[in-house]
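A quick write-up on the structure given underneath.
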Amino acid sequence: MGYWYMKWVIIFSGLFFVLTACEQEPEQEQQAENDEETEIQGEFNDEMEQLADHPKIQEAFQLIEDREDQTIEDLITITEIPAPPFMEDERAEAYKEMITEAGIDDIYRDEEGNVIGIREGTVGDKLLVLSAHLDTVFPEDVDVTVEARGDTLFAPGIGDDSRGLVVVLEVLRAMNEVDIQTEADLWIVGTVGEEGLGDLRGVKHLFREGGPDIDYFITVDGGGETGIANKALGSHRYRVEFSGPGGHSWGAFGTVNPAHALSRAIHYFDESAADYVAEGPRTSYNIGRIGGGTSINSIPYDNWFEVDMRSIDQDRLNGIDDILQESIQKALEEENQRSDDELDVDIDMVGDRPSGEIPASNPLVQRSMAAIEYVGFEPNLQRSSTDANVPISMDIPAVRIGRGGVGGGAHSTDEWWKNVDQHLSIQRTLMITLAQAGLAE
Ligand SMILES: [Zn+2]
(Lines give C-alpha, C1' and ligand atoms only; values in the text may rest on other atoms or scores of the structure.)
Protein backbone atom coordinates (compact mmCIF):
# COMPACT_ATOMS: atom_id res chain seq x y z
CA MET A 1 0.00 0.00 0.00
CA GLY A 2 2.75 2.37 1.05
CA TYR A 3 4.72 1.45 -2.03
CA TRP A 4 1.85 2.11 -4.43
CA TYR A 5 0.97 5.29 -2.67
CA MET A 6 4.54 6.54 -3.05
CA LYS A 7 4.65 5.39 -6.62
CA TRP A 8 1.52 7.38 -7.48
CA VAL A 9 2.85 10.39 -5.66
CA ILE A 10 5.99 10.18 -7.76
CA ILE A 11 4.05 9.73 -11.00
CA PHE A 12 1.68 12.59 -10.20
CA SER A 13 4.34 14.95 -9.01
CA GLY A 14 6.33 14.11 -12.15
CA LEU A 15 3.29 14.92 -14.24
CA PHE A 16 2.76 18.11 -12.32
CA PHE A 17 6.35 19.13 -12.95
CA VAL A 18 5.96 18.54 -16.67
CA LEU A 19 2.79 20.62 -16.78
CA THR A 20 4.20 23.52 -14.83
CA ALA A 21 7.43 23.43 -16.82
CA CYS A 22 5.45 23.79 -20.06
CA GLU A 23 3.55 26.73 -18.66
CA GLN A 24 6.69 28.62 -17.90
CA GLU A 25 7.05 31.32 -20.46
CA PRO A 26 10.27 33.05 -21.38
CA GLU A 27 10.56 36.80 -21.63
CA GLN A 28 9.25 36.71 -25.18
CA GLU A 29 5.97 35.25 -24.16
CA GLN A 30 4.25 34.32 -27.29
CA GLN A 31 0.67 33.59 -27.56
CA ALA A 32 -0.83 33.09 -30.94
CA GLU A 33 -4.17 34.76 -31.23
CA ASN A 34 -5.68 32.52 -33.79
CA ASP A 35 -9.01 34.22 -34.02
CA GLU A 36 -7.40 37.31 -35.51
CA GLU A 37 -7.92 38.17 -39.13
CA THR A 38 -4.58 37.28 -40.70
CA GLU A 39 -5.43 37.70 -44.33
CA ILE A 40 -2.71 39.05 -46.57
CA GLN A 41 -3.79 41.71 -49.02
CA GLY A 42 -2.97 40.61 -52.56
CA GLU A 43 -0.83 43.63 -53.36
CA PHE A 44 1.72 42.52 -50.77
CA ASN A 45 1.91 39.02 -52.21
CA ASP A 46 2.50 40.62 -55.61
CA GLU A 47 5.17 42.87 -54.16
CA MET A 48 7.07 39.84 -52.80
CA GLU A 49 6.80 38.00 -56.12
CA GLN A 50 8.22 41.00 -57.94
CA LEU A 51 11.01 41.48 -55.43
CA ALA A 52 12.01 37.82 -55.63
CA ASP A 53 12.11 37.98 -59.41
CA HIS A 54 14.61 40.82 -59.37
CA PRO A 55 18.01 39.54 -60.62
CA LYS A 56 19.87 41.13 -57.70
CA ILE A 57 17.55 39.54 -55.18
CA GLN A 58 17.95 36.17 -56.89
CA GLU A 59 21.68 36.61 -56.63
CA ALA A 60 21.36 37.57 -52.95
CA PHE A 61 19.19 34.53 -52.26
CA GLN A 62 21.83 32.25 -53.78
CA LEU A 63 24.57 33.93 -51.82
CA ILE A 64 22.65 33.49 -48.58
CA GLU A 65 22.33 29.77 -49.30
CA ASP A 66 26.00 29.44 -50.20
CA ARG A 67 27.15 31.19 -47.05
CA GLU A 68 25.55 28.66 -44.74
CA ASP A 69 28.80 27.37 -43.20
CA GLN A 70 30.04 30.86 -42.45
CA THR A 71 26.67 31.67 -40.89
CA ILE A 72 26.95 28.76 -38.47
CA GLU A 73 30.52 29.75 -37.65
CA ASP A 74 29.38 33.30 -36.85
CA LEU A 75 26.62 31.91 -34.66
CA ILE A 76 29.15 29.97 -32.61
CA THR A 77 31.51 32.95 -32.37
CA ILE A 78 28.79 35.29 -31.09
CA THR A 79 27.29 32.74 -28.70
CA GLU A 80 30.64 32.03 -27.08
CA ILE A 81 31.14 35.67 -26.11
CA PRO A 82 29.26 36.00 -22.80
CA ALA A 83 26.71 38.82 -22.65
CA PRO A 84 25.12 38.80 -19.19
CA PRO A 85 22.58 41.50 -18.33
CA PHE A 86 24.32 44.91 -18.11
CA MET A 87 27.57 43.31 -19.34
CA GLU A 88 27.11 43.19 -23.09
CA ASP A 89 30.24 45.20 -23.86
CA GLU A 90 32.48 42.45 -25.15
CA ARG A 91 29.83 41.00 -27.43
CA ALA A 92 28.81 44.49 -28.55
CA GLU A 93 32.39 45.30 -29.59
CA ALA A 94 32.71 42.01 -31.46
CA TYR A 95 29.40 42.56 -33.23
CA LYS A 96 30.45 46.06 -34.16
CA GLU A 97 33.59 44.58 -35.66
CA MET A 98 31.59 42.02 -37.65
CA ILE A 99 29.29 44.69 -39.06
CA THR A 100 32.29 46.83 -39.95
CA GLU A 101 33.88 43.91 -41.78
CA ALA A 102 30.65 43.25 -43.64
CA GLY A 103 30.69 46.89 -44.76
CA ILE A 104 28.78 49.87 -43.39
CA ASP A 105 28.82 53.64 -44.01
CA ASP A 106 29.21 54.53 -40.36
CA ILE A 107 29.09 52.70 -37.05
CA TYR A 108 29.16 53.67 -33.39
CA ARG A 109 27.96 52.68 -29.95
CA ASP A 110 25.47 55.04 -28.37
CA GLU A 111 25.45 56.23 -24.74
CA GLU A 112 23.43 53.20 -23.64
CA GLY A 113 25.76 50.71 -25.37
CA ASN A 114 23.70 49.82 -28.46
CA VAL A 115 25.66 49.07 -31.62
CA ILE A 116 24.39 51.26 -34.45
CA GLY A 117 25.51 50.71 -38.02
CA ILE A 118 24.30 53.27 -40.53
CA ARG A 119 23.69 52.30 -44.13
CA GLU A 120 22.60 55.32 -46.08
CA GLY A 121 19.65 55.16 -48.45
CA THR A 122 19.47 56.75 -51.87
CA VAL A 123 16.62 59.03 -50.76
CA GLY A 124 17.05 58.94 -47.01
CA ASP A 125 13.71 60.48 -46.07
CA LYS A 126 12.77 57.46 -43.96
CA LEU A 127 14.68 55.36 -41.45
CA LEU A 128 14.25 51.61 -40.93
CA VAL A 129 15.94 49.86 -38.01
CA LEU A 130 16.74 46.16 -38.40
CA SER A 131 17.87 44.80 -35.06
CA ALA A 132 18.45 41.92 -32.67
CA HIS A 133 19.44 42.00 -29.02
CA LEU A 134 22.94 41.46 -27.67
CA ASP A 135 22.18 40.47 -24.08
CA THR A 136 21.32 37.08 -22.65
CA VAL A 137 19.60 36.17 -19.39
CA PHE A 138 22.63 34.23 -18.16
CA PRO A 139 24.93 35.41 -15.39
CA GLU A 140 28.69 35.59 -15.81
CA ASP A 141 29.52 32.16 -14.46
CA VAL A 142 27.39 30.24 -16.96
CA ASP A 143 29.48 28.33 -19.49
CA VAL A 144 28.53 29.49 -22.98
CA THR A 145 30.69 27.05 -24.93
CA VAL A 146 28.80 25.66 -27.90
CA GLU A 147 28.46 21.90 -27.98
CA ALA A 148 27.45 20.09 -31.14
CA ARG A 149 25.52 16.85 -30.72
CA GLY A 150 24.79 15.54 -34.17
CA ASP A 151 23.48 18.50 -36.12
CA THR A 152 22.07 20.25 -33.06
CA LEU A 153 24.00 23.04 -31.36
CA PHE A 154 23.66 23.45 -27.61
CA ALA A 155 24.62 26.59 -25.67
CA PRO A 156 22.89 29.16 -23.48
CA GLY A 157 21.73 32.01 -25.70
CA ILE A 158 22.45 30.28 -29.01
CA GLY A 159 18.96 31.00 -30.25
CA ASP A 160 17.99 33.94 -28.07
CA ASP A 161 19.33 36.03 -29.51
CA SER A 162 22.70 35.07 -31.08
CA ARG A 163 20.85 33.64 -34.03
CA GLY A 164 18.89 36.90 -34.38
CA LEU A 165 22.17 38.84 -34.53
CA VAL A 166 23.41 36.49 -37.26
CA VAL A 167 20.26 36.92 -39.35
CA VAL A 168 20.62 40.70 -39.22
CA LEU A 169 24.31 40.50 -40.11
CA GLU A 170 23.64 38.16 -43.05
CA VAL A 171 21.00 40.49 -44.47
CA LEU A 172 23.59 43.27 -44.47
CA ARG A 173 26.25 41.03 -46.04
CA ALA A 174 23.93 39.91 -48.82
CA MET A 175 22.96 43.50 -49.60
CA ASN A 176 26.59 44.56 -49.74
CA GLU A 177 27.86 41.64 -51.81
CA VAL A 178 25.21 42.10 -54.46
CA ASP A 179 25.22 45.90 -54.17
CA ILE A 180 21.59 46.37 -53.23
CA GLN A 181 20.65 49.90 -52.25
CA THR A 182 17.55 51.02 -50.41
CA GLU A 183 15.70 54.32 -50.69
CA ALA A 184 15.28 54.67 -46.93
CA ASP A 185 18.24 54.78 -44.56
CA LEU A 186 18.85 51.43 -42.92
CA TRP A 187 20.28 51.01 -39.46
CA ILE A 188 21.77 47.67 -38.48
CA VAL A 189 21.42 47.57 -34.71
CA GLY A 190 22.39 45.33 -31.79
CA THR A 191 20.51 46.42 -28.68
CA VAL A 192 21.52 46.04 -25.05
CA GLY A 193 19.23 45.21 -22.13
CA GLU A 194 16.30 43.47 -23.78
CA GLU A 195 15.97 40.74 -21.17
CA GLY A 196 14.55 40.82 -17.64
CA LEU A 197 15.82 43.64 -15.48
CA GLY A 198 17.53 45.14 -18.53
CA ASP A 199 13.96 46.31 -19.04
CA LEU A 200 14.41 47.23 -22.71
CA ARG A 201 16.94 49.90 -21.78
CA GLY A 202 18.67 49.77 -25.16
CA VAL A 203 15.57 50.15 -27.28
CA LYS A 204 14.11 52.73 -24.88
CA HIS A 205 17.21 54.81 -25.44
CA LEU A 206 16.87 54.40 -29.19
CA PHE A 207 13.32 55.77 -29.02
CA ARG A 208 14.08 58.41 -26.39
CA GLU A 209 12.65 61.87 -26.62
CA GLY A 210 14.83 63.95 -28.90
CA GLY A 211 16.45 60.78 -30.25
CA PRO A 212 16.69 59.64 -33.86
CA ASP A 213 13.57 59.84 -35.99
CA ILE A 214 12.87 56.15 -36.59
CA ASP A 215 10.02 55.32 -38.95
CA TYR A 216 10.00 51.51 -38.86
CA PHE A 217 11.47 48.90 -36.56
CA ILE A 218 12.11 45.19 -37.04
CA THR A 219 13.62 42.97 -34.38
CA VAL A 220 14.69 39.40 -35.15
CA ASP A 221 13.94 37.63 -31.89
CA GLY A 222 11.76 34.67 -30.96
CA GLY A 223 11.95 31.16 -32.30
CA GLY A 224 10.89 29.66 -35.56
CA GLU A 225 9.71 30.83 -38.92
CA THR A 226 6.04 31.68 -38.72
CA GLY A 227 5.50 34.13 -35.87
CA ILE A 228 5.12 37.87 -36.26
CA ALA A 229 4.51 39.91 -33.13
CA ASN A 230 2.65 43.10 -34.00
CA LYS A 231 1.19 43.33 -30.50
CA ALA A 232 3.03 44.17 -27.32
CA LEU A 233 2.25 42.70 -23.92
CA GLY A 234 3.02 45.42 -21.39
CA SER A 235 4.13 44.89 -17.83
CA HIS A 236 4.92 46.86 -14.69
CA ARG A 237 7.15 45.31 -12.06
CA TYR A 238 7.95 46.61 -8.59
CA ARG A 239 9.99 45.75 -5.58
CA VAL A 240 8.22 47.22 -2.57
CA GLU A 241 10.03 47.46 0.75
CA PHE A 242 8.58 48.47 4.13
CA SER A 243 11.13 49.39 6.78
CA GLY A 244 11.00 50.49 10.42
CA PRO A 245 12.97 50.54 13.66
CA GLY A 246 12.52 46.83 14.44
CA GLY A 247 12.87 45.36 17.92
CA HIS A 248 12.12 42.53 20.30
CA SER A 249 8.81 40.78 19.72
CA TRP A 250 7.89 41.01 23.42
CA GLY A 251 9.99 43.87 24.73
CA ALA A 252 9.27 46.26 21.86
CA PHE A 253 5.74 45.11 21.16
CA GLY A 254 3.72 48.00 19.74
CA THR A 255 6.50 49.11 17.41
CA VAL A 256 5.42 49.45 13.77
CA ASN A 257 5.75 46.18 11.97
CA PRO A 258 6.80 46.10 8.28
CA ALA A 259 5.58 42.52 7.86
CA HIS A 260 2.11 43.48 9.07
CA ALA A 261 2.00 46.47 6.74
CA LEU A 262 3.21 44.37 3.82
CA SER A 263 0.53 41.78 4.47
CA ARG A 264 -2.16 44.45 4.57
CA ALA A 265 -0.87 45.95 1.34
CA ILE A 266 -0.99 42.62 -0.47
CA HIS A 267 -4.40 41.86 0.98
CA TYR A 268 -5.91 45.18 -0.16
CA PHE A 269 -4.24 44.88 -3.55
CA ASP A 270 -5.43 41.33 -4.15
CA GLU A 271 -9.00 42.15 -3.09
CA SER A 272 -9.35 45.12 -5.45
CA ALA A 273 -7.20 43.75 -8.26
CA ALA A 274 -9.21 40.52 -8.47
CA ASP A 275 -12.37 42.54 -9.16
CA TYR A 276 -10.53 44.80 -11.57
CA VAL A 277 -9.16 42.02 -13.78
CA ALA A 278 -12.43 40.04 -13.76
CA GLU A 279 -13.58 41.97 -16.82
CA GLY A 280 -12.14 44.01 -19.64
CA PRO A 281 -8.99 43.44 -21.69
CA ARG A 282 -6.84 40.66 -20.25
CA THR A 283 -4.80 41.82 -17.28
CA SER A 284 -2.86 39.80 -14.72
CA TYR A 285 -0.99 40.32 -11.46
CA ASN A 286 1.33 38.23 -9.38
CA ILE A 287 3.16 38.67 -6.09
CA GLY A 288 6.15 36.55 -7.00
CA ARG A 289 8.44 36.89 -4.00
CA ILE A 290 8.20 37.98 -0.37
CA GLY A 291 11.14 38.33 1.96
CA GLY A 292 12.81 40.04 4.88
CA GLY A 293 12.79 39.81 8.66
CA THR A 294 15.35 38.67 11.22
CA SER A 295 13.84 35.93 13.36
CA ILE A 296 10.52 34.64 14.65
CA ASN A 297 10.83 36.70 17.82
CA SER A 298 12.02 39.94 16.22
CA ILE A 299 9.91 42.75 14.86
CA PRO A 300 11.47 43.04 11.39
CA TYR A 301 13.52 46.02 10.24
CA ASP A 302 12.34 45.45 6.73
CA ASN A 303 10.15 43.28 4.56
CA TRP A 304 9.72 43.34 0.83
CA PHE A 305 7.70 41.86 -1.96
CA GLU A 306 8.00 41.75 -5.74
CA VAL A 307 5.00 42.11 -7.97
CA ASP A 308 4.49 41.65 -11.71
CA MET A 309 1.44 43.11 -13.47
CA ARG A 310 0.64 42.68 -17.15
CA SER A 311 -1.98 43.82 -19.57
CA ILE A 312 -2.60 43.87 -23.27
CA ASP A 313 -3.96 47.38 -22.77
CA GLN A 314 -1.88 50.31 -21.50
CA ASP A 315 -4.77 52.01 -19.68
CA ARG A 316 -5.59 48.80 -17.87
CA LEU A 317 -1.93 48.39 -16.93
CA ASN A 318 -1.92 51.90 -15.49
CA GLY A 319 -5.23 51.12 -13.75
CA ILE A 320 -3.97 48.06 -11.91
CA ASP A 321 -0.80 49.97 -11.07
CA ASP A 322 -2.97 52.64 -9.38
CA ILE A 323 -4.66 49.93 -7.32
CA LEU A 324 -1.25 48.72 -6.15
CA GLN A 325 -0.12 52.22 -5.17
CA GLU A 326 -3.35 52.93 -3.26
CA SER A 327 -3.14 49.59 -1.45
CA ILE A 328 0.42 50.29 -0.34
CA GLN A 329 -0.44 53.77 0.94
CA LYS A 330 -3.53 52.54 2.77
CA ALA A 331 -1.55 49.76 4.46
CA LEU A 332 1.22 52.16 5.40
CA GLU A 333 -1.14 54.69 6.96
CA GLU A 334 -3.04 52.06 8.91
CA GLU A 335 0.10 50.48 10.31
CA ASN A 336 1.55 53.88 11.22
CA GLN A 337 -1.65 54.86 13.06
CA ARG A 338 -1.20 51.95 15.45
CA SER A 339 2.11 53.14 16.80
CA ASP A 340 4.17 56.20 17.68
CA ASP A 341 6.89 55.18 15.22
CA GLU A 342 6.67 55.39 11.50
CA LEU A 343 7.33 52.92 8.73
CA ASP A 344 8.91 53.94 5.46
CA VAL A 345 8.03 52.44 2.17
CA ASP A 346 10.30 52.28 -0.84
CA ILE A 347 8.56 51.50 -4.12
CA ASP A 348 11.12 50.63 -6.76
CA MET A 349 9.91 50.12 -10.30
CA VAL A 350 12.11 47.36 -11.72
CA GLY A 351 10.24 46.77 -14.95
CA ASP A 352 8.23 48.90 -17.32
CA ARG A 353 7.30 47.44 -20.68
CA PRO A 354 4.59 49.28 -22.57
CA SER A 355 1.61 47.71 -24.35
CA GLY A 356 0.22 48.43 -27.76
CA GLU A 357 -0.71 47.07 -31.12
CA ILE A 358 0.11 47.74 -34.75
CA PRO A 359 -2.91 46.83 -36.90
CA ALA A 360 -2.60 43.72 -39.05
CA SER A 361 -3.41 45.91 -42.05
CA ASN A 362 -0.22 47.97 -41.57
CA PRO A 363 2.12 47.52 -44.56
CA LEU A 364 5.04 46.35 -42.36
CA VAL A 365 2.87 43.63 -40.82
CA GLN A 366 1.45 42.74 -44.22
CA ARG A 367 4.92 42.53 -45.75
CA SER A 368 6.15 40.35 -42.91
CA MET A 369 3.25 37.97 -43.47
CA ALA A 370 3.69 37.98 -47.25
CA ALA A 371 7.44 37.30 -47.02
CA ILE A 372 6.97 34.42 -44.57
CA GLU A 373 4.33 32.96 -46.85
CA TYR A 374 6.59 33.45 -49.86
CA VAL A 375 9.32 31.25 -48.36
CA GLY A 376 6.78 28.55 -47.61
CA PHE A 377 5.32 29.04 -44.14
CA GLU A 378 1.96 30.07 -42.81
CA PRO A 379 2.43 33.29 -40.86
CA ASN A 380 0.67 33.90 -37.57
CA LEU A 381 0.29 37.11 -35.63
CA GLN A 382 1.35 37.12 -31.99
CA ARG A 383 1.66 39.22 -28.90
CA SER A 384 5.07 39.31 -27.23
CA SER A 385 7.24 41.24 -24.84
CA THR A 386 10.42 42.28 -26.64
CA ASP A 387 12.26 45.32 -27.97
CA ALA A 388 9.33 45.86 -30.34
CA ASN A 389 7.11 46.84 -27.38
CA VAL A 390 8.60 50.32 -27.27
CA PRO A 391 7.96 51.44 -30.88
CA ILE A 392 4.62 49.57 -30.92
CA SER A 393 3.50 51.55 -27.86
CA MET A 394 4.41 54.76 -29.74
CA ASP A 395 2.39 53.64 -32.79
CA ILE A 396 5.58 53.37 -34.84
CA PRO A 397 5.19 50.41 -37.21
CA ALA A 398 7.24 47.60 -35.65
CA VAL A 399 7.33 43.82 -35.69
CA ARG A 400 9.24 41.05 -34.02
CA ILE A 401 9.97 38.23 -36.44
CA GLY A 402 11.49 34.80 -35.82
CA ARG A 403 15.12 33.73 -36.01
CA GLY A 404 14.49 30.73 -38.24
CA GLY A 405 15.81 27.21 -37.96
CA VAL A 406 14.47 25.04 -35.16
CA GLY A 407 15.27 25.67 -31.54
CA GLY A 408 14.12 25.40 -27.96
CA GLY A 409 14.96 25.84 -24.30
CA ALA A 410 15.31 29.62 -24.50
CA HIS A 411 16.40 31.12 -21.15
CA SER A 412 17.66 27.72 -20.00
CA THR A 413 21.20 26.37 -20.03
CA ASP A 414 19.91 23.54 -22.26
CA GLU A 415 19.07 25.96 -25.05
CA TRP A 416 19.53 24.48 -28.51
CA TRP A 417 19.29 25.45 -32.13
CA LYS A 418 19.35 23.35 -35.22
CA ASN A 419 19.95 24.35 -38.80
CA VAL A 420 16.81 23.47 -40.69
CA ASP A 421 16.71 25.51 -43.90
CA GLN A 422 18.31 28.39 -42.05
CA HIS A 423 18.62 30.42 -45.25
CA LEU A 424 14.84 30.90 -45.46
CA SER A 425 14.63 33.19 -42.45
CA ILE A 426 17.48 35.33 -43.77
CA GLN A 427 15.92 35.53 -47.22
CA ARG A 428 12.53 36.59 -45.92
CA THR A 429 14.08 39.12 -43.53
CA LEU A 430 15.89 40.59 -46.54
CA MET A 431 12.60 40.75 -48.43
CA ILE A 432 10.74 42.48 -45.61
CA THR A 433 13.61 44.95 -45.21
CA LEU A 434 13.78 45.77 -48.91
CA ALA A 435 10.03 46.04 -49.34
CA GLN A 436 9.73 48.38 -46.38
CA ALA A 437 12.84 50.46 -47.07
CA GLY A 438 12.20 50.55 -50.83
CA LEU A 439 14.54 48.85 -53.29
CA ALA A 440 16.43 51.57 -55.18
CA GLU A 441 16.78 50.87 -58.87
ZN1 LIG B 1 15.27 37.46 -27.06
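Indexing begins at 1, ligand by ligand and atom by atom, following the structure's order.
Around NZ of K418, the count of heavy atoms belonging to other residues, nucleotides or ligands within 6.0 Å does not exceed 12.
Taking the N/O/S atoms of D160 in turn, the shortest distance to the Zn ion (ligand 1) belongs to OD1.
Scored by the ring-ring contact (aromatic ring centres under 6.0 Å, His included) test, F305 finds no partners at all (sequence neighbours excluded). Not counting sequence neighbours, the partners of K204 by the side-chain hydrogen bond (donor to acceptor under 3.5 Å, both in side chains) test are D199.
For F207 and F217, the distance between ring centers is under 6.0 angstrom.
Of the angles at the Zn ion (ligand 1), the one spanning NE2 of H133 and OD2 of D221 is 90° when given to 10°.
Here E194 does not reach the Zn ion (ligand 1): none of its N/O/S atoms is less than 2.8 Å from the metal.
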